[in-house]
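Report on one structure; see the data block that follows.
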Amino acid sequence: MTPFNRNFGQGKRTKAVRPDMNWEEITKAGNVYEPGNANTYETGDWRTIRPVWNKDRCIHCLICWRYCPDASIIATDGKFDSFDYKHCKGCGICANVCPVHAIDMFSEDEMDRQKEAKRNEE
Amino acid sequence: MKNKVAITGNEAVAQAMKQINPDVVAAYPITPQTEVVQIFSSFVSNGQVDTEFVTVESEHSAMSATIGASAAGARAMTATSSQGLALMFEMVYIASSLRLPIVFPVVNRALSGPINIHCDHSDAMGIKDAGVIQLFCENAQEAYDNMIQAVRIAEHPDVLLPVSVNLDGFITSHALDVLEVLDDETVKNFVGTYQPEEYLLDAENPVTMGTLDLYDFYFEHKRQQVAAMEAAKKVIEEVGREYEAISGRKYGLIDAYKLDDADMAVVVLNSAAGSAKGVVDELREKGLKVGVLKPRVFRPFPFEAIQDALKGVKAVAVLDRAETFSTLGGPMFADVRTALYDLKNDIKVVNYVYGLGGRDLRLEDVEKVYDDLANIIKTGRADKFVNYLGLRE
């Protein structure tokens, strides 16, 4: 059998394509050689509004966990743990379905501005 | 033993498909390709092949199903013509960018409108930029031979691109021709068993195909396709040599006919090359130094071979059976002229658009082209570089 990579634009059978790879190195036709690879595609930077958890109000019913379309709510031992901000697209469904309003949505821009202002004060 | 048969071009293509015995064929009938699918489907129903034949509702679906089958790991084929190929257009890009070795005959026919079912190359020229390898056939014999070689070219690990095999609608496809067919065993051994490197049904080695590829890597993947096209030139010649060993018929990137000492050359694809060769024979008897260059491959464009074959001539006429509406002549003219530009030999290159919608290319027409070329050499100038042959002017 002919070796897979003879550098005629067939790419490498690699599991990780990195930005420093050239056209001869990246996989052929953009094929991905790993199952369950959706996790490595981070969609968190699409977000314009961010869910923030209010610990005091939360009753750990996990309705948000069930409704999250991106599986971005992490529950540990049957309790709300954290948001997966690398994949959360900020759709706000969790905040909408929460029966006790324990999730607030904040503008990413506004949060950035506040962070910047705080840095300037220091 | 030589096995000579009298069959039409379409039958020759179906015969080749029978001997290749692909795993899946998904096709939709369209004039003048209809017979290919019709004859092949009878092979399927008679049990002469063990192909899965998928009847689909359009050519878009035909190519889609072929792509699906090929990605799953099958040796898959389809066939089409004209508007059918136009309807496939979107999926042809998917086939080439997924690097699927799909072989599909294209029985060349004009594109509407006005409605016309006869031969020209507008359909093939429509996909010349889609990343598909294009083989062209002068007659039924070449259609048969090219079909068998196309499988090997497409599936070569350096290439992995779709290959279209073009033959002239009604001229090659429906005319009865005497040709030599190989026996089933020889073809079977030549094409071999298809062993895809990676395929969707390979549960041991999972692979995702058809991924999202935005500005970050799309460019690089296009570059890979160019490299595969470049590699294809060598592969086409290699496969041609191997095929010569089993058939005795020679195939390369181009067919140079009496060009060694020629002053004037005509560059023309497909069946018209046969007419041009006939005229060349007659003119050679009169002592004129004339020749014909027939590109067998149009994509990838064999410009090195064309430069090499035409470097000694003084004037070249490129005959195009398709119009681009650029007002700069036909599609092949642009490519041939570009190929010759760097030679700096001041070769005069002129264009003749001919035979649109199935209009005959008469021998007198070809003679006129050589007359014009002789005039260009005599006067040293070409006044009009885009001309129409056999047009009411």
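Only a predicted model underlies this, so the values are computations on that prediction, with no experimental measurement involved. We name chains A, B, ... by the order of the sequence lines, and we start the count at 1 in each one.
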For chain A, find which of B/Lys222, B/Glu230, B/Met209 contributes the most heavy-atom pairs closer than 4.5 angstrom. B/Met209
Neighbour count >12 (heavy atoms, 6.0 Å) for atom OH, A/Tyr85: yes
List the atom of A/Ala29, the atom of B/Arg99, and the distance in Å for their closest heavy-atom pair. CB-CG, 3.8 Å
Could you check whether atom CG of A/Asp20 has more than 12 heavy atoms from other residues, nucleotides or ligands sitting under 6.0 Å from it? yes
Would you say that more than 12 heavy atoms from the other residues, nucleotides or ligands in this model lie under 6.0 Å from the NE2 of A/His101, or not? no
Please list, chain by chain and in numerical order, all residues satisfying side-chain hydrogen bond (donor to acceptor under 3.5 Å, both in side chains) with A/Arg66, sequence neighbours excluded. none
Apply side-chain contact (heavy atoms from CB on, under 4.5 Å) to the pair A/Arg13 and B/Glu198, showing each step before the final yes or no. CA-CA 10 Å; A/Arg13 202 175 191 142; B/Glu198 52 202 66; 3.7 Å; yes
With no hydrogens and no angle check, is any side-chain donor or acceptor of B/Thr211 less than 3.5 Å from a backbone partner on A/Gly30? yes
Separation between OH (A/Tyr41) and CG (B/Leu212), nearest 0.5 Å, reads 5.0 Å
Could you grab the distance from atom OG1 of A/Thr27 to atom NE2 of B/His221, nearest 0.5 Å is fine? 4.5 Å
B/Glu220 side chain to A/Asn22 side chain, donor-acceptor N/O pair below 3.5 angstrom: no
B/Ala227 and A/Trp23: which non-hydrogen atoms are nearest, and at how many Å? CB-CZ3, 3.6 Å
When rounded to the nearest 0.5 angstrom, what is the spacing between CG in B/Asp213 and CD1 in A/Ile26? 6.5 Å
Is it the case that over 12 heavy atoms from other parts of the model lie below 6.0 angstrom from the CH2 atom of A/Trp53? yes
Heavy-atom count around B/Glu52 CD within 6.0 Å, excluding the residue itself: above 12? no
Flag side-chain contact, heavy atom, 4.5 Å: A/Lys28 against B/Leu160: yes
Partner set under side-chain hydrogen bond (donor to acceptor under 3.5 Å, both in side chains) for B/Asp202, not counting sequence neighbours: B/Asn205
